[in-house]
Amino acid sequence: MKKLFRVELKMVQQSAVDVTLDPDTAHPNLILSDDGKQVHDSDVTKNLPDNPKRFFNYVFVLAKQSFSSGRFYYEVQVKGKDYVDFRSGQRVGQQDGKYSTDSSGWLLDDMNGYWVIGLRNDNEYLAAAGPAVRLALKSRPQKVGVFVDYEEGLVSFYDVDAEALIYSFTGCSFTEKLYPYFYPGPIYEGGKNSAPLIISPVSH
């Protein structure tokens, strides 16, 4: 099985694209690197121009790039995180007031144009499949690969180092442009979870 997933991962990595973060969409508490490849939360709210694309209700940032056909793949380093989401979505910044949550506070979901996996409470991995699906992972991912096939309606997440599939959303209905987007999670007392999300180069 691991050999099959290794071959599968190598195949999807052939669809690698360059993804950079869009500062015009970033919540005022987020800090982006100059090259648009890293993001982390902060306890300081910046005074930023009122931009219709910007997230204000949720601490998210979109990628500059969007996709409305074909396949694309990118990788995100999540080392040092104990609370994080990584996702693709059809929604854009000005619609962030339409998010809803389930009883655990999970942001929903694949039914509303968000395809999300995340880590909660340091060791609880979930997929937002409406309702949330608890994931049993053999190891803690340090780098996550995200693959989307627009025509097939597929969103898959991989543990890159373990060469393993984490979770796939199948039968998705894509009707709008898809934007990779990111939530680095809150910083806890003592600086816990302050490590950035890093969009990493894909090594074929």
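Since the structure is predicted, the reported quantities are computational estimates derived from the model, not experimental observations. For the numbers below, each heavy atom of this structure counts, side chains included, while hydrogens, waters and symmetry mates do not.
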**Request:** Please determine which of E75, E8, Q13 meets the side-chain hydrogen bond (donor to acceptor under 3.5 Å, both in side chains) test together with Y158.
**Result:** E8
**Asked** Can L21 be reached from I198 by stepping across I, L, V, M, F, W or Y side chains whose heavy atoms are under 4.5 Å apart?
**Response** no
**Asked** If only atom types and distance count, is the side chain of E163 paired as donor or acceptor with the main-chain N or O of D159 below 3.5 Å?
**Response** no
**Message:** Please report the interatomic distance CZ(R140) to NZ(K81), rounded to the nearest 0.5 Å.
**Reply:** 11.0 Å
**Complete:** Applying side chain to side chain donor-acceptor pair (under 3.5 Å) to S156 and not counting sequence neighbours gives S168
N/O donor to acceptor pairs below 3.5 angstrom from side-chain atoms of residues 63-71, sequence neighbours left out:
| residue | atom | partner | partner atom | Å |
| --- | --- | --- | --- | --- |
| Q65 | OE1 | T20 | N | 2.9 |
| Q65 | NE2 | T20 | OG1 | 3.1 |
| R71 | NE | D149 | OD2 | 2.9 |

**Steps toward salt bridge (Lys or Arg N to Asp or Glu O under 4.0 Å) verdict (D18, K37)** = CA-CA 10 Å; D18 184 31; K37 296 294 186 179; 2.5 Å; yes
**Message:** Can you tell me if D34 has over 12 outside heavy atoms packed within less than 6.0 Å of its CG?
**Reply:** no
**Message:** Side-chain heavy atoms nearer than 4.5 Å, only ILVMFWY residues, links allowed to pass through others: does that put I31 and V59 together?
**Reply:** no
**Complete:** Scanning both residues in full, the closest heavy-atom pair of G145 with Y73 reads CA-OH, 3.5 Å
**Item:** Any L197 side-chain heavy atom under 4.5 Å of Q38 side chain
**Value:** no
**Prompt:** Does F72 reach the side chain of V19, with side-chain heavy atoms less than 4.5 Å apart?
**Reply:** no
**Request:** Output, in order, the C-alpha distance, side-chain angles, deciding distance and verdict of side-chain contact (heavy atoms from CB on, under 4.5 Å) for Y150 and L178.
**Result:** CA-CA 9 Å; Y150 197 99; L178 295 179; 3.7 Å; yes
**Asked** Mind checking whether L165 and F157 have side chains closer than 4.5 Å, heavy atoms only?
**Response** no
**Item:** Main-chain N/O of L30 paired with K46 side-chain donor or acceptor, under 3.5 Å
**Value:** yes
**Prompt:** Within a strict 4.5 Å, meaning less than it, do heavy atoms of the R134 and E124 side chains meet?
**Reply:** yes
**Asked** Once you round to the nearest 0.5 Å, how far does CD1 of I117 lie from OH of Y125?
**Response** 9.0 Å
**Message:** Keeping R54 on the side-chain end and P23 on the backbone end, is there a donor-acceptor pair under 3.5 Å?
**Reply:** yes
**Message:** Are L32 and V61 packed together at the side-chain level, in the sense that at least one heavy-atom pair is separated by less than 4.5 angstrom?
**Reply:** yes
**Asked** Does NZ belonging to K79 count more than 12 external heavy atoms closer than 6.0 Å?
**Response** no
**Prompt:** For the hydrophobic clusters of this structure (ILVMFWY residues joined by side-chain heavy atoms under 4.5 Å, transitively), does one cluster hold both V39 and L48?
**Reply:** no
**Request:** Only counting residues at least two apart or in another chain, list the ones meeting ring-ring contact (aromatic ring centres under 6.0 Å, His included) with Y167.
**Result:** F169
**Request:** Report yes or no: do V116 and L137 belong to one cluster of Ile/Leu/Val/Met/Phe/Trp/Tyr joined by side chain heavy-atom distances under 4.5 Å?
**Result:** yes
**Stepwise side-chain contact (heavy atoms from CB on, under 4.5 Å) test for V148 and F174** = CA-CA 10 Å; V148 178; F174 302 140; 4.0 Å; yes
**Asked** Between the side chains of N29 and S42, is a donor N or O closer than 3.5 angstrom to an acceptor N or O?
**Response** no
**Request:** Find the distance between CG (L62) and NZ (K53) and round it off to the nearest 0.5 Å.
**Result:** 8.0 Å
**Fill in**
Separation between OG1 (T170) and CG (L154), nearest 0.5 Å, reads 7.5 Å
**CA sep, side-chain torsions, deciding dist, call: F147, V155, side-chain contact (heavy atoms from CB on, under 4.5 Å)** = CA-CA 6 Å; F147 173 70; V155 182; over 6 Å; no
**Item:** A195 backbone acceptor or donor facing H40 side chain under 3.5 Å
**Value:** no
**Prompt:** Quick one: does D22's side chain get under 4.5 Å of Y179's, heavy atoms only?
**Reply:** no
